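A short write-up of the structure that comes next.
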Amino acid sequence: MSEQKQRSVDPAVLEMVEVAAARSVQTIWDRLEAQKAQCRFGRDGLCCRMCFMGPCRVTEEGKGPQQGICGATAETIVARNLLRHVAGGAAAHSDHGREIVKTLLLAAKGESKAYQIRSPGRMRALAAEFGLPLDGRSDSDVAAELAQLYLAEFGKQDGTLLNLSRAPEAQRNYWRAAGVTPRSVDREIVTGVHMTTMGVDNDPEHLLLAAARVALADGWGGSMIATDLSDVLFGEPEPLRSAANLGVLKEDHVNILVHGHEPTLSDVIAAVSRDPDIVAEANAAGAKGVNLAGICCTANEILMRHGIPIAGNFLQQELAVMTGAIDLLLVDVQCVFPALARLQECFHTKVVSTSPKAKFPGAEHIEFHEENALDCARRIVRMAIESFRRRDPAMVRIPKVHERLVAGFTTQVVFRILGGRYRPSFRPLNDGIQAGRLRGVAGVVGCNNPKFTHDQCHLAMVRELLRNDVLVVQTGCSAIACGKGGLLAPEAAAKYAGKGLQEICEAVGIPPVLHLGACVDNSRILTACAEMVKEGGIGDSFDKLPVVGAAPEWMSEKAIAIGMYFVASGISVVIGQPLPVEGSRVVVDFLTRKMRDFFGATWSFQPDPIKAAHLMIDHLDRKRAELGLPPPMYEVPYAPQVGDESLVFAAAAAPAPSAAS
Ligand code: SF4
Ligand code: MSK
């Protein structure tokens, strides 16, 4: 990657980066520059800080010490570090899941006015799945028992995770044989961290299999629980229209930006901001109303359930504040820059932290507890109205850039849409794949990372997949990137998809890229794969399916956990920058080759999004051939050279999205 590379392919971002420079306000790209050159030992996983005889730095090549002070080798250190990263990512998703279970319990007991069971049908279906009696019982009674059952999934000492029963038998056999069947969420995370402490586990393969086990406890445990119970509590998403990019901010409204991951408070803020009394207060302050918008995964959660627009993805959080139009920025947990609170010195924006787990020096902390959700939400919205009074109109600069999108696809929605109202089923999807109209399915997910031109890899990769008749499903900041890039609109099929994918999209009325939600909702990809296997005809376990995953601009430990549970579930994954493992040939070999022997899938590292897309397409074609399926039905007319710059930069050259309405 060139030092002088463009910062983003998003015109709204490029405009705001100039504004930041003109106002002498630091951005993440400036701070990245200040960190150059980044530590090679850290990048390659070769720095050990597991005890305080160290820190130790080792190499495999004999250009420095080949052992830490205790005698740990590069392969032990690299594997241990990776296991810790997976445990960090799994802990974040799973703690989120735990909060949702506790909120369900509160709602079931009637102990908070803010929460109800909005999808009793889904709740009862889950209860039935796990064998709870339903006859003659009230929703709250069943929900309370279901919540207790899920709470036990975090801390139980014996047995295995309940959700594993959703996986095909062949998948469970892989896990059994590898000794990685997860027992409970917290147990795997704690045991994984224990194994990494000084003088415990030194066997790299054993450590990496433990990483797989911890990750499976995230994907099939914490994340899947978060997804299922968010649908129960906040309502099952349905396809709906909305918009994304900084142009969704409104100059004449009080703008509240929600950011982070947990939907519990923002869901209530969404309701309160429409309350007529609150709107009247906003009017009295000179605003036309209260405009709520989001960043990152909190945004994805309230987008897919309320149609609340998205202001941007991970790298846009501070740029949103720099528009001078954000009156209050509400943060919960994960992916929030510590730098945000310091922006209050330059802009009128009030930064409010809310989670008992996350305080930010300089931000006002209003601790949120589910029991007082309504009062807390009203107080925060009123603070935003007060802040609006202090807004300096001369500082307001909102890029006139946004794009329309459709979001809100879940496994259940896809089931219904594909099969029709009277015969909900994944059959048409499997038929499309079997006939070769669809080449396969790709999950393109994950973050932004300032080491890459913002959004470029997501857009280039997804367009290349669409052109090759690959249906794309998305979550997280990648979904936001593609929303801003116009790929989540139904018209995108005619513009970007190959002939076969176009036919499917037209017949069913879906965009070629399906927005499945937030980072925890990657678990929807697991349940969708389970349905594809159940439907039959394309393999009896995930590793046989023409399905593949990618995270082209990842940056978070959570992305490592997600990638690891995909691979351990049989779905091969291609990521942009390599995992921090290149300091050990043994570890790289295990992840990129040997994992196939255990799980039928591997990791690949490829920073060029077009090359990565072709790795994925080749993988899908290989799976098709192994299944004895015909080659793809339609020729792809133009095959760009791998790494073709004109295609990589297509987003920058494209006309700016339409102005905000
Ligand atoms: Fe160094 Fe070993 Fe301590 Fe790691 S555990 S810091 S390699 S002495
Ligand atoms: S928010 S984890 S930057 S996807 Fe889920 Fe985006 Fe990555 Fe955070």
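Just the heavy atoms: all of them, side chains too, but no hydrogens, waters or symmetry mates, feed the values below. Since we're looking at a predicted model, the values are computed, not measured. Remember, it's 1-based here, ligands and their atoms both numbered in the order they're listed.
- Relative to the ring axis of F234, R305 does not place its NZ or CZ within 45° and under 6.0 Å from the centre.
- With hydrogens and angles ignored, the 3.5 Å screen pairs a side-chain donor or acceptor of H458 with a backbone N or O of C447.
- Ion pair D455/K484 flagged as a salt bridge, since at least one NZ, NE, NH1 or NH2 atom sits closer than 4.0 Å to an Asp/Glu carboxylate oxygen.
- Legend: protein N/O/S atoms lying under 2.8 Å from atom 2 (Fe) of ligand 1, waters omitted, number 1.
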With side-chain contact (heavy atoms from CB on, under 4.5 Å) as the test, would you mind laying out the steps for T354 and I380 before giving the verdict? CA-CA 10 Å; T354 52; I380 287 167; 4.0 Å; yes
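- If you run side-chain contact (heavy atoms from CB on, under 4.5 Å) between V520 and each of T475, T227, I562, only T227 comes through.
- Side-chain contact between V473 and F409 is absent, with no heavy atoms from C-beta onward closer than 4.5 Å.
- With Q66 contributing its side chain and E60 its backbone, the two residues share a donor-acceptor pair below 3.5 Å.
- Here K357 does not pair with D332 in a salt bridge; the nearest charged N to carboxylate O distance is not below 4.0 Å.
- Within ligand 1, counting atoms from 1 as listed, the ones closer than 4.0 Å to a heavy atom of R80 are 4 (Fe), 5 (S).
- Checking side-chain atoms of T76 against main-chain N and O of N202 turns up a donor-acceptor pair under 3.5 Å.
- For R524 (side chain) and L516 (main-chain N/O), a donor-acceptor pair under 3.5 Å exists by modelled atom type.
- The shortest heavy-atom distance from M555 to ligand 2 is under 4.0 Å.
- Around atom 6 (Fe) of ligand 2, protein N, O or S atoms at less than 2.8 Å comprise C477 SG.
- Between C519 and the options H96, Q334, H93, a side-chain contact (heavy atoms from CB on, under 4.5 Å) holds for only H93.
- Proximity of H261 to ligand 2, defined as any heavy-atom pair under 4.0 Å, is confined to the side chain (atoms from C-beta onward).
- Annotation for ligand 2: atoms under 4.0 Å from non-hydrogen atoms of K558 are 2 (S), 8 (Fe).
- Residue-level proximity to ligand 1 for Q67 is absent, since no heavy atom of it falls below 4.0 angstrom.
- With hydrogens and angles ignored, the 3.5 Å screen pairs no side-chain donor or acceptor of S353 with any backbone N or O of V331.
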